[in-house]
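The chains referred to below are lettered A, B, ... by the order of the sequence lines, with proteins before strands, and numbering in each begins at 1.
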There are 2 protein chains.
Amino acid sequence: MTGTERTDTRQAIMEATYRALCEHGYAALTMQDIADELDKSKSLLHYHFDTKEDLLVAFIEFLLEEFEEKRAENAEAPPEKRLEEFVDWFVFAPEEDDRTAFHIALLELRSQAPYTEAYREQLARSDRLVRETIVEIVEAGIESGEFRSDVDPESIARLVFATMDGARIRQATLAEAGYAAAVRDALYEYVLDDIVSAE
Amino acid sequence: MTGTERTDTRQAIMEATYRALCEHGYAALTMQDIADELDKSKSLLHYHFDTKEDLLVAFIEFLLEEFEEKRAENAEAPPEKRLEEFVDWFVFAPEEDDRTAFHIALLELRSQAPYTEAYREQLARSDRLVRETIVEIVEAGIESGEFRSDVDPESIARLVFATMDGARIRQATLAEAGYAAAVRDALYEYVLDDIVSAE
DNA sequence: GGTCATTGACTGACTAGTCAGTCAGTTTCG
DNA sequence: CGAAACTGACTGACTAGTCAGTCAATGACC
């Protein structure tokens, strides 16, 4: 049972980190903030993770595992619906504050990736994972005849991902509510509708 | 001359800030770093700007003025060329390190905008400015018959801007050289070529 | 069954370092 | 001279990481 308990504590630390990030953001995040959310001492965090960086790398890994689970869930839906769900996943949080705060914190963290190789590696993994997900959806759509067959799934994946990522970032940093949704609509109008419509 | 000198010193501070940002990034930037680049004392910075935040707000303003100048320069070129130049401006720095480092620092700064209203205001101004620039290009293209007339310039501007911004951010944070150029190519293939080609 | 050793989880007090901002003064220059 | 530009020494607030030690649970041994 000790093994489980150790995992429990680490799980609790990850969840406390999530809450602390939402509340304070990444730049202002202190080990004390996480400890407060956990209702344990700061020393405990250092007992489980040598450094703050180690803890946060573990946190990104934790997020990736969650994404992988979610991805497996709706892998069986029809491509058009999967694509729509995926795109909407970005626009999410019309006013769901928690999620917006979290995305902002994640952007702050991402902005440190150029200086921290461990972050960069995890984020590169996440980039591959998301792009592969889109590629799979597009390939499935082409195979089933729902999508036009003369498009390159890799190119589309890159385009869709960059666009929605940029839209979400601009919305978050400008605090302008409708930004991401407006870009999503433009993405559909000028790109995705053409691809989805039968040839 | 005092007025000019004051401007001179402030100009020098802005340039030193630019260099310091490139070298250290935003998160790690200290007033001392800027003072070192300026070859003056840290106290002098506080003589001209009350706080670090004030200095950086002035720096964003300085950048905006530079962009406005540059924008005015090639306002007379044909729309297709202006659009291409604009998009390429994002992709810039295939390996021009200075510029990449600067964009990373700017991303770090942008990631603090949700917490700092003064940053947010300046960035909102910059967003409007860039989008208006694209809108103007597209409108000019429609008027001259070079672009398709059934597109909404505002939508296109939003789409192009979000896409290229996202691409540049992903390239910078993942340290993957070809990312932005690949997205640019996809953007042309699936969006811009359709718009530019005569109807 | 009771005592003793061991271990993992956890804490509080501490250190060492960083950095924005202050202030009392000096230099420069018109 | 007088004002603006500029400096160096200093402070106070803050924070990651350390360390000696507490406590409860587990297990070993007689």
Side-chain angles (χ1 to χ4, degrees), chain A residues 1-17 19-21 23-60 62 105 108-109 111-112 115-119, chain B residues 1-60 105 108-109 111-113 115-119:
Chain A
M1 284 288 169
T2 35
T4 317
E5 275 187 271
R6 191 190 162 195
T7 304
D8 277 1
T9 303
R10 285 176 72 109
Q11 178 80 16
I13 292 175
M14 295 297 100
E15 285 161 12
T17 303
R19 291 193 300 274
L21 274 173
E23 199 165 339
H24 305 279
Y26 170 83
L29 184 75
T30 69
M31 292 296 263
Q32 191 60 56
D33 292 333
I34 302 174
D36 288 348
E37 285 294 335
L38 188 63
D39 234 349
K40 291 279 157 66
S41 77
K42 181 165 74 83
S43 307
L44 180 67
L45 300 177
H46 283 291
Y47 174 76
H48 287 285
F49 301 94
D50 282 355
T51 66
K52 190 184 179 185
E53 186 183 315
D54 285 348
L55 191 157
L56 287 163
V57 169
F59 178 72
I60 307 177
F62 165 78
E108 293 179 80
L109 193 154
S111 80
Q112 294 309 300
Y115 311 102
T116 309
E117 201 187 334
Y119 291 177
Chain B
M1 280 287 171
T2 36
T4 318
E5 274 186 272
R6 193 190 160 194
T7 303
D8 276 1
T9 304
R10 285 177 71 109
Q11 177 81 15
I13 292 176
M14 295 297 102
E15 284 161 14
T17 303
Y18 177 87
R19 291 192 300 274
L21 274 172
C22 288
E23 198 166 340
H24 304 280
Y26 169 84
L29 184 76
T30 69
M31 292 295 265
Q32 189 61 57
D33 292 333
I34 301 175
D36 289 349
E37 285 295 336
L38 187 64
D39 235 350
K40 291 278 158 67
S41 78
K42 181 164 73 82
S43 309
L44 180 65
L45 301 177
H46 284 290
Y47 176 75
H48 287 284
F49 300 94
D50 282 354
T51 67
K52 192 184 179 185
E53 188 183 312
D54 285 348
L55 191 158
L56 287 164
V57 169
F59 178 70
I60 306 177
E108 294 179 79
L109 192 155
S111 79
Q112 295 309 300
Y115 310 103
T116 309
E117 202 187 332
Y119 290 177

Please state how far atom [atom1] in [X] lies from atom [atom2] in [N], giving the value in whole angstrom units.
X	N	atom1	atom2	answer
Leu45(A)	dT15(D)	CG	P	15 Å
Leu44(A)	dA9(C)	CG	P	9 Å
Phe49(A)	dA9(C)	CZ	P	12 Å
Ile34(B)	dG21(C)	CD1	C1'	14 Å
Leu29(B)	dT18(C)	CG	P	16 Å
Lys40(A)	dT11(C)	NZ	P	6 Å
Met31(A)	dT18(D)	CE	P	10 Å
Asp8(B)	dA4(D)	CG	P	18 Å

Measure from the side chain of [X], starting at C-beta and using heavy atoms only, and say which of [options] lies closest.
X	options	value
His46(B)	dG17(D), dG21(C), dA5(D)	dG21(C)
Lys52(A)	dT7(D), dA16(D), dT11(C)	dA16(D)
Tyr47(B)	dA4(D), dT15(D), dT11(C)	dA4(D)
Thr51(B)	dT7(D), dT11(C), dG21(C)	dG21(C)
Lys42(A)	dC6(D), dA16(D), dC10(C)	dA16(D)

> Quick one: is Ser43(A) getting a side-chain N or O under 4.0 Å of the dT11(C) phosphate, OP1 or OP2?
Replying inline: no
> With respect to the phosphate group of dC6(D), does any side-chain polar atom (N or O) of His48(B) fall under 4.0 Å of OP1 or OP2?
Replying inline: yes
> Is Glu37(A) reaching over with its side chain to a backbone N or O of Ala20(A), donor-acceptor style, under 3.5 angstrom?
Replying inline: no
> Between Lys52(A) (side chain) and Leu29(A) (backbone), is there a donor-acceptor pair under 3.5 Å?
Replying inline: yes
> Relative to the ring of Phe59(B), is the ring of Tyr18(B) parallel (under 30°), tilted (30 to 60°) or perpendicular (over 60°)?
Replying inline: tilted
> How far apart are the closest heavy atoms of Tyr119(A) and Tyr26(A), and which atoms are they?
Replying inline: OH-OH, 3.1 Å
> How many angstroms lie between CD1 in Ile60(A) and CE in Met14(A), if you round to the nearest 0.5 Å?
Replying inline: 10.5 Å
>> Heavy atoms only, 4.0 Å cut-off, all strands: where does Ser41(A) land among base, sugar-phosphate and nothing?
In response: base
